[in-house]
Protein chains: 2
Amino acid sequence: MAKITLKEIAKRLHLSPSTISKALNDSYEISEETKRKVREFAQRHNYQPNPLAKYLKLGKTNNIGVLLPNIQTSFSAQLLRYLHKSAIHNSYNFILMQSIDNEKDEERALLTLTNQGVDGILIAPVSETSNQQLLSDIHNNNCPVVIFDRIHYNLDTHKVGIDNVRSTYLATEELIKINRKNIIAFCGKNIGVTQYRLEGYRKALEDYNIPIKEENIIYIDYRKSLTKIDEGLKKIIIRHMRSNDPPNAILGTTETLTTRVLGVLADLKIQVPKEIAVIGFSNIEFANSLNPALSTVHQPTEEMASTALRLLLDLINSKRDRSQIDFQTILLETSIQLRKSTMLT
Amino acid sequence: MAKITLKEIAKRLHLSPSTISKALNDSYEISEETKRKVREFAQRHNYQPNPLAKYLKLGKTNNIGVLLPNIQTSFSAQLLRYLHKSAIHNSYNFILMQSIDNEKDEERALLTLTNQGVDGILIAPVSETSNQQLLSDIHNNNCPVVIFDRIHYNLDTHKVGIDNVRSTYLATEELIKINRKNIIAFCGKNIGVTQYRLEGYRKALEDYNIPIKEENIIYIDYRKSLTKIDEGLKKIIIRHMRSNDPPNAILGTTETLTTRVLGVLADLKIQVPKEIAVIGFSNIEFANSLNPALSTVHQPTEEMASTALRLLLDLINSKRDRSQIDFQTILLETSIQLRKSTMLT
DNA sequence: TTGTAGGCGTTATCAT
DNA sequence: ATGATAACGCCTACAA
């Protein structure tokens, strides 16, 4: 806070800067007497070391960069919260960036981060191939990168996420168990994980000998305008409900789609779960407030955050040649939380 | 990214560091020829100036600190999103901190931020009196502070928020209009804005000559454990419904309370709005997915973010003595969005 | 047009 | 136990 510097203290105390530095850093070389005096003076004058100078000297910033596509979901908010908690706990700060699901913004954010000086980067990439060269350059130079959430990405480093195939497999299975076999799958467009989540859906249907209707797999690109998503969903649902083989269940592969679809169904007065059962990815805390209480695939955000951060700090503090490290991909377990939207009683 | 420094370039090009520096900063002193050569070399080697060194020299970091009590609500997420957008747009990065509605964490966060070197701080304080001395010290030294959202705080600086009294007045009025006059008000505990929001509630009742029942004003402290909030709400609602003058409406003065209460009502099979109408603060994007579609008091997050940031940057870049500035408190308009939860057809 | 020197606030190394 | 010096990487008078 205060403007006083180490040098200034030295002058006022008739000591040298190095003595002050050592005293404040509790060096064994300095007498208790002097330490006391220095500390007392520093405190009284509210001395705060200049972090830039310190980090310049030390060659690190104690900042890590966190780059998320979008912070508008409960999933992201939780991730952020726990990342923050872990970071602080390890005496790191984080600089938050958003790519808004957009390669150009992602690139800009990455440049800003490196430019700004971060000791490492945690990223959920926009797509499977976005900014590959850049990210690889960054990673292979000074600044280790750990990938989380959207782990299907071609970079040789630690990755922390969930088993997307298995998660949707289990969710789909829940629908099949209640005999809802005509299932619409709503997917985000071009998100790295989409294909894998769909794979689980397909596999489950196959395993239960249910024919896959390609027209039941629907991509919705809501990244640009969240406002139009409701209209889009509405049109599609109406069309399907009017077909001669109307669906009786919906699987949402992203939180946004899963939660939004409920509003559209309510608006269309389509009864859930009576006419259509709904299950999908969502970490929303108040699933019970939804119409109706929503069955969800829930991701372990706290574990994901702490694991990703731990791996990143390992890389930052590791002296070893980056190519010597065998990188791991950690898949955390999701949990299925059944609520009214899939309960037929 | 790359490890190359200005000095290194100088050596390799057989020029002096200052020449390189000037060339890269497009100084008029340097010949075009040299500039071209230097730029080309720098680009090829992916030269990035060390931000710490630069900022040490320049005396600023280009970082601003953002301190929020909690990022788990739509309101905060939106605020964050727009703050980020504005910050980036002004070539500032932001370092995010959370106080988790807790004075101790707030203090720690503030110390970290100043310690880390930020050019200014944007804060929504934990309470009306939390960390007053510290914040005032920070503000009066190098690091200007702007307060937003929770603007009822004793610090002489710019503040940006909403008119809390008026907002709840209008919301309460909506309930009165549909003849729901026995209104429970759910309030967060010790949040700076609570009293003002309650004031609007009280005023509206008075203006319509409705007696105020003190037992209808209920404080819920959910800051420590969000998990128990549902149980808490449940008990209270049951008790009130069983009284001899059961309420017929609920006003939520925080987003969390407003959204959570719907789940509890659904669980208790209390019909909304038939038995109880609900309105309250919430910036949730998918209000239509709630049970039922929720009438909300909506805050202009984008405007709040951009205004607060603008004022902060003004302070950062202002050369004037801090005491010369006449600080403003800006109150933005909220909007009431009526949906099913208050519609009696 | 280019180069030299000093300094930003620290810390580390090496004297004294 | 304390101090002098150099260095981190960059910028900027000022000198050449």
Side-chain angles (χ1 to χ4, degrees), chain A residues 1-42 45-63 91 114-119 141-143, chain B residues 1-39 41-42 45-63 114-119 141-143:
Chain A
M1 263 130 52
K3 259 232 142 81
I4 194 165
T5 69
L6 196 151
K7 251 183 187 164
E8 188 63 24
I9 299 183
K11 213 176 284 175
R12 307 258 225 110
L13 251 40
H14 304 291
L15 288 167
S16 80
S18 43
T19 304
I20 307 296
S21 172
K22 285 173 188 164
L24 290 173
N25 288 316
D26 201 21
S27 161
Y28 66 96
E29 306 176 83
I30 304 295
S31 71
E32 281 309 319
E33 173 61 16
T34 309
K35 280 188 195 171
R36 239 192 357 79
K37 235 176 18 198
V38 171
R39 278 201 276 251
E40 197 264 340
F41 187 92
H45 290 74
N46 227 318
Y47 166 74
Q48 298 285 129
N50 179 320
L52 295 179
K54 190 158 134 191
Y55 294 143
L56 171 60
K57 182 71 188 170
L58 267 42
K60 59 183 312 235
T61 63
N62 257 42
N63 285 143
S91 308
T114 52
N115 207 7
Q116 176 63 21
V118 290
D119 296 342
N141 276 283
N142 319 319
C143 180
Chain B
M1 265 132 48
K3 260 233 143 83
I4 195 165
T5 70
L6 197 153
K7 245 184 191 165
E8 188 64 23
I9 300 184
K11 211 177 284 175
R12 309 258 225 109
L13 250 39
H14 304 292
L15 289 167
S16 82
S18 52
T19 304
I20 307 296
S21 172
K22 288 173 187 165
L24 289 173
N25 289 318
D26 201 19
S27 159
Y28 66 96
E29 307 175 80
I30 304 296
S31 72
E32 281 309 318
E33 173 62 15
T34 309
K35 281 187 193 170
R36 241 196 353 82
K37 235 172 26 194
V38 171
R39 278 201 275 251
F41 187 93
H45 289 74
N46 226 320
Y47 166 75
Q48 299 283 129
N50 179 320
L52 296 179
K54 193 158 129 191
Y55 294 142
L56 172 58
K57 182 71 189 172
L58 268 41
K60 61 185 310 239
T61 63
N62 257 43
N63 285 143
T114 52
N115 208 4
Q116 177 61 22
V118 289
D119 296 341
N141 275 284
N142 318 317
C143 183

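Just so it is clear: chains get the letters A, B, ... in the order the sequence lines come, proteins before strands, and each one is counted from 1.
Without hydrogens or angle criteria, B:Asn25 side chain to B:Ser27 main chain gives no donor-acceptor distance under 3.5 Å. Using a distance-only test at 3.5 Å, with no hydrogens or angles considered, a donor-acceptor pair links the side chain of A:Asp119 to the main chain of A:Thr61.
Counting any heavy atom pair closer than 4.0 Å across all strands shown, A:Leu56 reaches a base atom. Among the heavy atoms of the strands lying under 4.0 Å from B:Leu15 are primed sugar atoms or P, OP1, OP2 only; no base atom is included.
Of the side-chain N and O atoms in A:Ser18, none sit less than 4.0 angstrom from OP1 or OP2 of D:dT5. The side chain of A:Asn50 contributes no N or O atom lying less than 4.0 Å from OP1 or OP2 of C:dC8. The phosphate of C:dT1 (OP1 or OP2) has no side-chain N or O of B:Lys22 nearer than 4.0 angstrom. Remark: A:Lys7 is in phosphate contact with C:dC8, judged by side-chain N or O atoms under 4.0 Å from OP1 or OP2. The side chain of B:Ser31 places an N or O atom within less than 4.0 Å of a non-bridging phosphate oxygen (OP1 or OP2) of C:dT2. Between D:dG9 and B:Thr5, no contact under 4.0 Å exists linking OP1 or OP2 to a side-chain N or O.
If B:Glu29 and A:Ser21 are placed on DNA chain C by their nearest nucleotide, the residue sitting closer to the 5' end is B:Glu29.
Rounded to a whole Å, the NE2 atom of A:His14 is 15 Å from the P atom of D:dT2. Between B:Glu8 atom CD and D:dC8 atom P there is a gap of 11 Å when expressed in whole angstrom units. As a whole-Å value, the separation of A:Ile20 CD1 from D:dA4 C1' is 15 Å. Rounded to whole Å, atom C1' of C:dT1 lies 16 Å from atom CZ of B:Arg36. Atom NZ of A:Lys37 is separated from atom C1' of D:dT2 by 12 Å (rounded to the nearest Å). Atom CG in B:Asn25 sits roughly 13 Å away from atom C1' in D:dG9 (whole-Å rounding). Counting to the nearest Å, the P atom of C:dT11 and the NZ atom of A:Lys60 are 14 Å from each other. Put simply, NZ on B:Lys11 is 15 Å from P on C:dG3, counting in whole angstrom units.
In the interface, the side chain of A:Lys57 is paired with the base of D:dA7 through a donor and an acceptor atom under 3.5 Å apart.
For A:Ser16, the listed nucleotide lying nearest its side chain is D:dA4; candidates were D:dA4, D:dC8, C:dT2. Comparing D:dG9, C:dT1, D:dC14 against the side chain of B:Ala53 picks out D:dG9 as the nearest. Picking from D:dA13, C:dT11, D:dC10 the nucleotide with the shortest atom distance to the side chain of B:Tyr47 gives D:dC10. Comparing D:dC14, C:dT11, D:dC10 by their closest approach to the side chain of A:Leu58 singles out C:dT11. Relative to the side chain of A:Thr19, the nucleotides C:dT2, D:dT2, D:dA4 differ in distance, and D:dT2 lies closest.
Side chains of A:Lys7 and A:Ile20 form no contact here, defined as non-hydrogen atoms less than 4.5 Å apart. For the pair A:His45 and A:Arg12, the minimum side-chain heavy-atom distance is below 4.5 Å. With a 4.5 Å cut-off on side-chain heavy atoms, A:Leu24 and A:Tyr47 count as touching.
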What do the steps show when you test A:Glu40 against A:Arg36 for salt bridge (Lys or Arg N to Asp or Glu O under 4.0 Å), and what is the final call? CA-CA 6 Å; A:Glu40 197 264 340; A:Arg36 239 192 357 79; over 6 Å; no

